[in-house]
Amino acid sequence: MKSFTVNGLQKSSRILVGESLANAGAYLPEGIEPVIITDKNIQRLYGDAFPEGRVITIGTGEKIKTLATVETLLRELISLGCDRSGFVLGIGGGIVCDIVGFVASIFMRGIRFGFVSTSLLSQVDASVGGKNGVNLDAYKNMVGVFSQPDFVICDIDMLQTLPEAEISNGLAEIAKHGLIKDLSLLEFLEANTRKALALDTETIFRLVADSVAIKAAVVAADEREAGERRKLNFGHTIGHAIEKLEQAGHGRAVAAGMAAAVRFSEHKGYLDRKDVARVNTLLGNLNLPVQTDLPVPELIAAASRDKKKQGANLYFVFLEAIGQARVEKITYTELNTFMQTTMA
Ligand SMILES: NC(=O)c1ccc[n+]([C@@H]2O[C@H](COP(=O)([O-])OP(=O)(O)OC[C@H]3O[C@@H](n4cnc5c(N)ncnc54)[C@H](O)[C@@H]3O)[C@@H](O)[C@H]2O)c1
């Protein structure tokens, strides 16, 4: 097991890579039975292994990441008699973690919470870093807070039951970490795509641990996303637009968004054609898309509903080399022109 600390402004969080669901009880506050919030798949597969506690089960998919679900959960916490000394344990993927972190952070102005992170995507990204919240209408992650969990258990063994598409979704965010920050992680992923897709334990352990290390360092430097943390949004401007329109998995949408951002980086003269081909090959080998068939006007409309928009501008993440990101403030007009000329 490897343990990391994410140092937030108000609180630190422990990320335990390779720890097991079976040991979750050891990290809970003594004498307090947690309220466990999970989704129906995880309840069915792992409910018997949950620590002692009352369990609330929610549905699955982006469609339930709403304020309506938050309201339902807040009411359930009240009806279970949960008070300020209570503890909420989210067991699930990114959807469960995003919702549970938010619910716990606003219930009675905030009670303690932790996660057992069960999908590859949530282990390498969603459960780490303290961003949580829900969507509002067509706006993704529009309502939420920064709030660190007490701990995150990344149980590698639980990944064995993940559907194949969800493995690729997680690998997309790992590729992102390599592309923006860590050439050696990227090279390791390139050399081990088959082992990664087959969930070889040693390979996955390294990929998860390296990703968590990158995210922990970025969050420690810039928890509130005023600078460095923006780099983690690589591929997400166009990716979120695809995710909203296609209801594709987050990682698949981000992969197509990264491929577009890489082409934009070439268009700006930061990368050359062989870099673009290299990224496309890696994403293809991970069974991820490198383009989208969505109509460009719809994509542009969806991209303009991004919460990172600042008037007529947005921060766009380019690559200036493989393994190195740069953030630039560009106008929506520039983004639209790029998308119309290269994605239509
Ligand atoms: N807060 C952040 O910093 C952050 C970062 C990245 C992504 N996200 C969010 O995360 C969400 C996507 O997360 P996700 O990809 O984990 O989706 P998810 O939570 O929907 O999980 C994907 C599917 O896999 C199932 N699943 C999860 N773990 C499993 C397991 N061990 N075995 C079998 N099935 C399992 C789930 O039930 C679900 O059907 C998106 O809403 C995205 O916006 C948040």
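As the structure lists them, so they are numbered: ligands from 1, and atoms in each ligand from 1.
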Give me the residue, atom name and distance of the protein heavy atom closest to [atom].
{"atom": "atom 5 (C) of ligand 1", "value": "Ala126 CA, 3.4 Å"}
{"atom": "atom 44 (C) of ligand 1", "value": "Asp98 OD2, 3.2 Å"}
{"atom": "atom 12 (C) of ligand 1", "value": "Leu121 CD2, 3.9 Å"}
{"atom": "atom 6 (C) of ligand 1", "value": "Asp125 OD2, 3.4 Å"}
{"atom": "atom 16 (O) of ligand 1", "value": "Ser119 OG, 2.5 Å"}
{"atom": "atom 25 (C) of ligand 1", "value": "Asn41 ND2, 4.2 Å"}
{"atom": "atom 24 (O) of ligand 1", "value": "Glu166 CG, 3.8 Å"}
{"atom": "atom 43 (O) of ligand 1", "value": "Lys140 NZ, 2.6 Å"}

Salt bridge between [X] and [Y], side-chain N to carboxylate O under 4.0 Å?
{"X": "Asp150", "Y": "Arg14", "answer": "no"}
{"X": "Arg263", "Y": "Glu266", "answer": "no"}
{"X": "Lys195", "Y": "Glu202", "answer": "no"}
{"X": "Lys181", "Y": "Glu228", "answer": "yes"}

Any N/O of [X] closer than 3.5 Å to an N/O of ligand 1?
{"X": "Met158", "answer": "yes"}
{"X": "Ile95", "answer": "yes"}
{"X": "Thr60", "answer": "no"}
{"X": "Gly94", "answer": "yes"}
{"X": "Thr118", "answer": "yes"}
{"X": "Lys131", "answer": "yes"}
{"X": "Glu62", "answer": "yes"}

For this session: Could you give me the CA-CA distance, side-chain angles and deciding distance for Glu225 and Lys131, then say whether salt bridge (Lys or Arg N to Asp or Glu O under 4.0 Å) is met?
Result: CA-CA 10 Å; Glu225 202 171 299; Lys131 270 191 188 177; 2.4 Å; yes

For this session: Please confirm whether Lys329 makes a cation-pi placement over Phe316, using NZ or CZ under 6.0 Å from the six-membered ring centre and within 45° of the ring normal.
Result: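 No cation-pi geometry.
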
Exercise. Any non-hydrogen atom of Asn169 lying under 4.0 Å from ligand 1?
Worked result: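 No heavy atom of Asn169 comes that close to ligand 1.
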
Short list, please: which atoms of ligand 1 are under 4.0 Å from a heavy atom of [X]?
{"X": "Asp39", "value": "36 (C), 37 (O)"}
{"X": "Lys215", "value": "3 (O)"}
{"X": "Leu45", "value": "32 (N), 33 (C)"}

Exercise. Please walk me through it: do Ile37 and Ile91 pass side-chain contact (heavy atoms from CB on, under 4.5 Å)?
Worked result: CA-CA 6 Å; Ile37 302 179; Ile91 307 183; over 6 Å; no

For this session: Using the side-chain contact (heavy atoms from CB on, under 4.5 Å) rule, take Ser20 and Asn23 through it: C-alpha gap first, then chi angles, then the decisive distance, then the call.
Result: CA-CA 6 Å; Ser20 149; Asn23 296 331; 4.3 Å; yes

Problem set entry | Residue pairs passing the side chain to side chain donor-acceptor pair (under 3.5 Å) test where at least one lies in residues 317-328, sequence neighbours excluded |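 The answer is Lys268-Glu328, Tyr270-Glu328, Glu320-Gln324, Glu320-Arg326, Arg326-Glu328.
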
For this session: Carefully, step by step, assess Glu76 and Thr72 under the rule side-chain contact (heavy atoms from CB on, under 4.5 Å).
Result: CA-CA 6 Å; Glu76 295 211 39; Thr72 304; 3.9 Å; yes

Problem set entry | Ring centers of Phe264, Phe318 separated by less than 6.0 Å |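 Ring centres of Phe318 and Phe264 closer than 6.0 Å.
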
